[in-house]
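Notes to accompany the following structure.
Reckoned from all heavy atoms, side chains included, excluding hydrogens, waters and symmetry mates. Here is the naming used below: chain letters follow the sequence lines, and residue numbers restart at 1 for every chain.
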Protein chains: 2
Amino acid sequence: MGLPTALVRTRFLVDAAYADAVRDYGITSQQAQLMCLVIAGPRGMCDLAGVLGLAKSSLTGLVDRTAKRGLVHRVPDPSDGRAQLVALTEEGADVAERMHASTVQHVDNLAYGLSESERELLASLLSRVITDNEVPKVFGEGDRAQASA
Amino acid sequence: MGLPTALVRTRFLVDAAYADAVRDYGITSQQAQLMCLVIAGPRGMCDLAGVLGLAKSSLTGLVDRTAKRGLVHRVPDPSDGRAQLVALTEEGADVAERMHASTVQHVDNLAYGLSESERELLASLLSRVITDNEVPKVFGEGDRAQASA
DNA sequence: TATTGTTATACTCTATAACTATA
DNA sequence: TATAGTTATAGAGTATAACAATA
């Protein structure tokens, strides 16, 4: 199987595992992705729209729906009167933590057939591709921040 | 970077490249995926819904919209009076062919930083994961069929 | 009775255009 | 004037429930 085919099928596989993992928490993939982006701290709407590749108004709606579930909220940006920052609520921080761990578990299981050294090799090759393409930290490690609820 | 994080970020990267590639043809990722699944020949609605992990009615809508664009059409299943098969139209087969090639190109470019042997290694490791998890052929190589238009 | 598919309805996701408010 | 964000509107994607037709 060629590399492009392998990458596209991997996308399909990981996508399903991701959606499965977060569905247990009653949220959609998009809402989960939004939450992952603000785990490390509040971020502005424009910033988030840029990272997610969404129109501003699309993000407004996504934040609205996620806020309605009590997982995020808007806080005014002290350095810019026009801007709003999106932050996790206390409940959101808790859900994000558990959802992240569950997703790691689900996705990790996909590689059950690989040996430890093969997993490391795969991770390092993918890391190269990710770094080369400057993929934003849409799913991260460490860097939790306090909820500003 | 751990393997789960690398896989989730890869999903994000490939997803964007895939959407980019097919947008040039005026279709959505979902419609492109549907078309890829019937490149090798007509398939039934239930079959497709199962592979895509969609509710039956969701697929009805997806097929409706793709058919409205003239890319697929329904043909009765000769072996089951209840069933409909989804097939590419002539235009759909043409679009699918070009869109597939373009997607391969886009996705292949993501690995520009890897040497030829690294690409082969990455492809083989991902192939193992794909095979282990019995990922359906949502994006394939070879196996073109004639359009039944 | 079970299966295939559609329809009705509702919600989520997304984009474009027009708008408000602040820089 | 440019930027941050929202609102209005429309279309695409998805699910559940009820239904029709065939197996």
Side-chain angles (χ1 to χ4, degrees), chain A residues 12 15-16 18-20 22-38 42-87 138, chain B residues 12 15-16 18-20 22-38 42-87 138:
Chain A
F12 183 87
D15 203 57
Y18 189 89
D20 265 6
V22 307
R23 190 170 32 239
D24 292 343
Y25 298 90
I27 52 185
T28 64
S29 298
Q30 290 89 345
Q31 292 175 16
Q33 188 145 85
L34 171 65
M35 293 174 72
C36 282
L37 285 171
V38 294
R43 301 177 67 164
M45 299 287 288
C46 269
D47 180 17
L48 290 167
V51 168
L52 291 171
L54 296 179
K56 289 185 304 177
S57 67
S58 302
L59 187 65
T60 295
L62 181 58
V63 171
D64 284 348
R65 290 184 298 271
T66 313
K68 200 160 60 181
R69 282 168 170 67
L71 302 171
V72 299
H73 63 151
R74 290 170 167 93
V75 286
D77 183 339
S79 72
D80 186 338
R82 299 167 301 181
Q84 298 281 334
L85 301 175
V86 179
V138 289
Chain B
F12 183 87
D15 204 56
Y18 189 88
D20 265 7
V22 307
R23 191 172 29 240
D24 293 342
Y25 297 91
I27 52 184
T28 65
S29 298
Q30 290 90 342
Q31 291 175 16
Q33 189 146 82
L34 171 66
M35 291 174 72
C36 283
L37 285 171
V38 294
R43 302 178 65 164
M45 298 288 287
C46 269
D47 179 16
L48 290 168
V51 168
L52 291 171
L54 296 179
K56 288 184 304 178
S57 66
S58 303
L59 187 66
T60 296
L62 181 58
V63 170
D64 283 348
R65 290 184 297 271
T66 313
K68 201 160 57 181
R69 282 167 170 68
L71 301 171
V72 300
H73 63 151
R74 289 172 168 89
V75 285
D77 183 339
S79 71
D80 186 337
R82 300 167 300 181
Q84 298 282 334
L85 302 175
V86 178
V138 288

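The distance between atom CE of B:Met45 and atom C1' of C:dT7, rounded to the nearest whole Å, is 13 Å. Atom P of nucleotide D:dA12 and atom CG of B:Leu62 are separated by 11 Å, given to the nearest angstrom. Following rounding to the nearest Å, B:Gln30 (CD) and D:dG13 (C1') show an atom-to-atom distance of 6 Å. The separation between B:Lys56 atom NZ and C:dT3 atom P is 10 Å, rounded to whole Å. In this structure, the CG atom of A:Leu34 is 14 Å from the P atom of C:dT12, given to the nearest Å. The CG atom of B:Asp77 sits 12 Å away from the C1' atom of D:dA23 (whole-angstrom rounding).
Here B:Thr28 lies in heavy-atom contact (under 4.0 Å) with sugar-phosphate atoms only. Nucleic acid contact for A:Asp80: sugar-phosphate only, since backbone atoms but no base atoms lie under 4.0 Å from a heavy atom of the residue. Within 4.0 Å of A:Ala55, counting heavy atoms only, lies at least one base atom of the nucleic acid. Residue-level contact check: A:Arg74 touches the backbone only, with heavy atoms under 4.0 Å from sugar-phosphate atoms and none from bases. Using a 4.0 Å heavy-atom distance criterion, A:Gly81 is classed as a sugar-phosphate-only contact. Contact annotation for A:Gly53: backbone-only contact, meaning every heavy-atom pair under 4.0 Å involves sugar-phosphate atoms and none involves a base.
Both A:Arg23 and B:Arg69 lie near DNA chain D, and the one whose nearest nucleotide falls closer to the 5' end is B:Arg69. Toward the 5′ end of DNA chain C lies the nearest nucleotide of B:Ala83, the other residue of the pair B:Ala83 and A:Ser79 mapping further downstream.
Between A:Ser58 and C:dA15 there is a side-chain polar atom (N or O) within less than 4.0 angstrom of OP1 or OP2. At C:dC13, one or more side-chain N or O atoms of A:Gln31 fall inside 4.0 Å of OP1 or OP2 (strictly under the cut-off). Close to D:dG13, at under 4.0 Å from its OP1 or OP2, lies a side-chain N or O of B:Arg65.
In this structure, the nucleotide among D:dG5, D:dT14, C:dG5 sitting nearest to the side chain of B:Leu54 is D:dT14. Checking D:dA4, C:dG5, C:dC13 against the side-chain heavy atoms of A:Cys46 singles out D:dA4 as nearest.
Remark: A:Asp64 does not engage A:Arg69 in a salt bridge, criterion side-chain N to carboxylate O under 4.0 Å.
Scanning atom types as modelled, one donor and one acceptor separated by under 3.5 angstrom connect the side chain of B:Ser57 and the base of D:dT16. One donor-acceptor pair, N or O on each side, does fall under 3.5 Å between the base of C:dT3 and the side chain of B:Arg82.
The salt bridge (Lys or Arg N to Asp or Glu O under 4.0 Å) search around A:Asp77 returns none, not counting sequence neighbours.
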